Trainee: 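Here you go, one structure.
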2 protein chains.
Amino acid sequence: MPATLRDVAERAQVSMRTVSNVVSGYTHVSEKMRKRVLEVIDELDYRPNPVARSLRTGRTGLLALVVPEIDVPYFSALARDVINAAAAFGYRVMVDQTGHDHDQERELLTGADRTMLFDGILFSPLVTKAELLEMSSPTRMPIVLLGEHEFDGRYDHVAIDNVRAAHDAVAHLIASGRTRIAAIGAQPLEEYATPQQRTAGYESALSEAGIDIDPRLAKPAAHYSRADGYRAAAELLAQSRRPDAIFCFSDLLAMGAMRAIFDAGLSIPEDVAIIGVDDIEEGRYSRPSLSTVSLDTAFIAEQAIARVTARIDEPELPPREVVAPHALVVRESTAH
Amino acid sequence: MPATLRDVAERAQVSMRTVSNVVSGYTHVSEKMRKRVLEVIDELDYRPNPVARSLRTGRTGLLALVVPEIDVPYFSALARDVINAAAAFGYRVMVDQTGHDHDQERELLTGADRTMLFDGILFSPLVTKAELLEMSSPTRMPIVLLGEHEFDGRYDHVAIDNVRAAHDAVAHLIASGRTRIAAIGAQPLEEYATPQQRTAGYESALSEAGIDIDPRLAKPAAHYSRADGYRAAAELLAQSRRPDAIFCFSDLLAMGAMRAIFDAGLSIPEDVAIIGVDDIEEGRYSRPSLSTVSLDTAFIAEQAIARVTARIDEPELPPREVVAPHALVVRESTAH
DNA sequence: ACCTTCTTTGCTAACGTTGCAAACGCTATG
DNA sequence: CATAGCGTTTGCAACGTTAGCAAAGAAGGT
């Protein structure tokens, strides 16, 4: 049974208040007092009970990171940086997975006894804007949206410029002489922001180059997984006039697409060039290495943590949109 | 400002105790009472405060998962399964990263105000056995060790049979006609259990086949990363008589090694066969696809959660060792 | 020597919940 | 009709901490 503040106070012959002052680093406490208390703390191996402290202060020091699946490389890289950034601010991070399930997502945000455990939430949502607006009005929880949504002025928001990122990728394919450029990743449901934005960037790049938009070259993908990428690429190759380049909305889609292209007996980049988005490490070691649009997860994580901690300390802060930088990274899969 | 139990009680004209009974699903509460209370709860949008509940009950419903780096595919797959398994038991999971740092690891286990936040810890340690023994004696925290350690009878422990797993991998290479079989992953520091065990399996398989053990074919790797695999393989290829197969202690090492082999102008598996351990999804889509020893992360996660939750409910349970199954998966990188 | 100011300490009351044990009201039984 | 018995409800007291208030003590200035 662990020692409490009271135990320490009794043993050290001082008031609980004094012990508390020592523990929480209050400035005005005499040297001899502090020394005496610290000795007893050490003696009894006292550790402050964080639950009691949280009840009293209203802070838990916990943040929630909500992602669809933690084992998707982009999200695990993001989680790594979020956990590290949070640690620098004295916070720890709980990871929740929604598994691409809207109900689960809603449950995690509004859910009964869960909410008040956290000081804030970092949320990488699938839900549509309308749903989001509706769902989180009741809770006053500081929340930062990551990477997925249009800024509506109601939430803090950290994301890249998806339209430009997609545009840059496709423009690069065009610059290297490709003309039949497919896209993998358009979402079946139209309300998702990211795929819509990337589709917009894809189409604008084609239009600028005077290339007609061929709807048969745009393949949907539900989960941005390797399997979805494989399937979509296989379908593209089976079509009459096959593409000479594919813009994949994520690196993971691209990894699947590349494998499908090889299985079809074609070469990358000779027959088909491939470019993805995310810059996961896997793409640096694959054969061929994967050209991509690099997202700065460390930057995103730091900004998100900075926003959420600021809002925890000052709830009435006006929401802000932070646009994270992106950069085209050319590797073997689009070399010419 | 959120409604409390007292607010609900006053509004519904019942005692706090009754509200509590309704909320926590106590059996003996009349239908009309329950209905009245539930209505008020809905009206005030009351949510139980989990911190207060935790202080009272001594349970937080939180588990800690401690891993070196969450963005290593094996650990993120494990985390995925751990989070899901924990959810099935009503627990949520905090993820902590040690960053391969012993001090950080120790800090997380014994650390000041952190410990009592969790009901239990799942720990994938780097630390040596001796360190572990010493460090966690003070805390009474239910703890399950994952995958890395010899069973010493003091902790619950879930892991594969590392010696046999390594043996199976190397025996497969031998069966496909390889004779100069290198190993990547032996740890510079000798106290780590996993690399030692895998080295033992590697050597026993060679011995059984009557193949001499050549120390120049065993390359260390500090972090089991792609970069380490690349570096080690490059060194192996630069040696006078190059290996015709490489057993990598992790799939990630293997991904790096494969890239190094291609960069040296060699073919897989024709010139060099490659096999890893873990069975990460990346290896199913790589070119060539990667032979490996598959670890059942879902099984490991379920067992670990079952053990830790059992110990939370019954602290004096005798520690148990659970051996998770492994299976050789032959893919293109060792095809003959 | 006395008054003011600055430190330092102690007492006490929350924070929001649940466990304990007693009290209540009702029905079934002797 | 009294009483045992059961199911239902309630008051009180923690769980371990921090914070407000106020008083005691020390230090400095006139």
Side-chain angles (χ1 to χ4, degrees), chain A residues 1-38 40-41 44-62 90 112-119 140, chain B residues 1-38 40-41 44-62 90 112-119 139-140 313:
Chain A
M1 157 140 7
T4 74
L5 204 60
R6 162 176 278 114
D7 299 333
V8 176
E10 279 173 11
R11 199 104 157 32
Q13 311 258 44
V14 296
S15 74
M16 288 171 55
R17 179 67 221 243
T18 303
V19 179
S20 174
N21 283 341
V22 170
V23 171
S24 46
Y26 189 64
T27 34
H28 302 306
V29 49
S30 70
E31 226 13 83
K32 61 171 180 290
M33 203 95 268
R34 154 170 283 115
K35 185 156 170 289
R36 174 143 57 113
V37 171
L38 285 178
V40 176
I41 285 180
L44 300 183
D45 192 35
Y46 165 75
R47 294 123 192 271
N49 181 325
V51 175
R53 178 177 285 176
S54 292
L55 179 60
R56 186 61 242 236
T57 63
R59 298 279 184 86
T60 62
L62 259 39
D113 50 5
R114 324 222 133 196
T115 318
M116 298 169 69
L117 239 180
F118 309 110
D119 294 340
R140 274 298 202 170
Chain B
M1 156 143 7
T4 74
L5 206 58
R6 162 177 278 114
D7 299 334
V8 176
E10 280 173 9
R11 197 107 201 267
Q13 310 259 45
V14 296
S15 74
M16 286 171 54
R17 191 58 245 235
T18 301
V19 179
S20 173
N21 283 341
V22 171
V23 170
S24 46
Y26 188 64
T27 33
H28 300 306
V29 47
S30 69
E31 230 7 88
K32 63 170 181 287
M33 199 98 271
R34 155 170 281 116
K35 184 155 171 290
R36 173 143 56 117
V37 171
L38 285 178
V40 176
I41 285 179
L44 300 183
D45 191 34
Y46 165 76
R47 294 124 192 271
N49 181 326
V51 176
R53 179 176 285 175
S54 292
L55 178 59
R56 188 60 242 238
T57 62
R59 299 279 184 85
T60 63
L62 260 38
D113 50 5
R114 323 224 135 195
T115 319
M116 298 170 68
L117 239 180
F118 309 111
D119 293 339
T139 112
R140 274 295 198 176
D313 294 334

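Letters go in sequence order (proteins before strands), and every chain restarts at 1. Small disclaimer: the values here were computed from a predicted structure and weren't measured.
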Trainee: How would you label the contact of B:Met16 with the nucleic acid (heavy atoms, under 4.0 Å): base, sugar-phosphate, or nothing?
Mentor: base

Trainee: Heavy atoms under 4.0 Å, any strand shown: does A:Val14 hit a base, just sugar-phosphate, or nothing?
Mentor: sugar-phosphate

Trainee: Which whole-number value in Å describes the distance from B:Leu5 CG to C:dG19 C1'?
Mentor: 14 Å

Trainee: To the nearest Å, how far apart are A:Arg6 CZ and C:dT12 P?
Mentor: 12 Å

Trainee: In whole Å, I'd like the distance from the CG atom of B:Asp7 to the P atom of C:dG16.
Mentor: 8 Å

Trainee: In the structure I gave you, are the side-chain heavy atoms of B:Arg34 and B:Leu38 within less than 4.5 Å of one another anywhere?
Mentor: yes

Trainee: Between P on C:dT9 and CZ on A:Arg34, what's the gap in Å once rounded to a whole number?
Mentor: 10 Å

Trainee: Considering every strand and a 4.0 Å limit on heavy-atom distances, what is the contact class for B:Thr4: base, sugar-phosphate, or nothing?
Mentor: sugar-phosphate

Trainee: When you get a sec, tell me which of C:dT18, D:dT10, C:dT17 is the closest nucleotide to the side chain of B:Asn49?
Mentor: C:dT17

Trainee: Between the side chains of A:Asn49 and A:Arg53, does any donor sit under 3.5 Å from an acceptor?
Mentor: no

Trainee: Rounded to the Å, how far apart are A:Leu55 CG and C:dA13 P?
Mentor: 17 Å

Trainee: Just so I know, are the side chains of A:Leu62 and B:Leu62 near enough to count as touching, which here means a heavy-atom distance under 4.5 Å?
Mentor: yes

Trainee: Between the main-chain N or O of B:Leu117 and the side-chain N or O of B:Thr60, is there a donor-acceptor pair closer than 3.5 Å?
Mentor: yes

Trainee: Using atom CE of B:Met33 as one end and atom C1' of C:dC26 as the other, report the distance to the nearest whole Å.
Mentor: 15 Å

Trainee: Distance from A:Arg11 atom CZ to A:Arg36 atom CZ, nearest 0.5 Å?
Mentor: 12.5 Å

Trainee: Toward the 5' end of DNA chain D, which comes first, B:Lys32 or A:Ala3, by nearest nucleotide?
Mentor: B:Lys32

Trainee: Could you give the CZ-to-P distance, from A:Arg53 to C:dG16, as a whole number of Å?
Mentor: 18 Å

Trainee: Is a side-chain donor or acceptor of B:Ser24 paired with a backbone partner of B:Ser20 at a separation under 3.5 angstrom?
Mentor: yes

Trainee: Taking only side-chain nitrogens and oxygens of B:Thr18, does any of them come within less than 4.0 Å of OP1 or OP2 of D:dT8?
Mentor: no

Trainee: May I ask you to verify if any side-chain N or O of B:Ser30 is less than 4.0 angstrom from the OP1 or OP2 atom of D:dT8?
Mentor: no

Trainee: My understanding is that only one of A:Val8, A:Val40, A:Val14, A:Val37 makes a side chain to side chain contact (heavy atoms under 4.5 Å, CB included) with A:Val22; could you say which?
Mentor: A:Val37

Trainee: Tell me the bend of the helix from C:dA1-D:dT30 to C:dG30-D:dC1 as the angle between end helix axes, each from five pairs, rounded to the nearest 10 degrees.
Mentor: 50°

Trainee: Which value, rounded to the nearest 0.5 Å, describes the distance between B:Met16 atom CE and B:Asp7 atom CG?
Mentor: 9.5 Å

Trainee: Any N/O pairs under 3.5 Å between the protein and nucleotides 20-22 of chain D? List them or say none.
Mentor:
residue : atom : partner : partner atom : Å
D:dG20  : N7   : A:Arg17 : NH1          : 3.3
D:dG20  : O6   : A:Arg17 : NH1          : 3.0

Trainee: CZ of A:Arg47 versus C1' of D:dT17: gap in Å, rounded?
Mentor: 17 Å

Trainee: Under the salt bridge (Lys or Arg N to Asp or Glu O under 4.0 Å) test, which residues partner A:Arg59, sequence neighbours left out?
Mentor: A:Asp313

Trainee: Look at the side chain of B:Ser15 and decide which nucleotide, out of C:dT9, D:dT17, D:dG11, has an atom nearest to it.
Mentor: D:dG11

Trainee: Any donor-acceptor pair under 3.5 Å joining the side chain of B:Arg56 to the base of C:dT18?
Mentor: yes

Trainee: Kindly say if A:Ser20 contacts the phosphate of D:dT17, meaning a side-chain N or O under 4.0 Å from OP1 or OP2.
Mentor: no

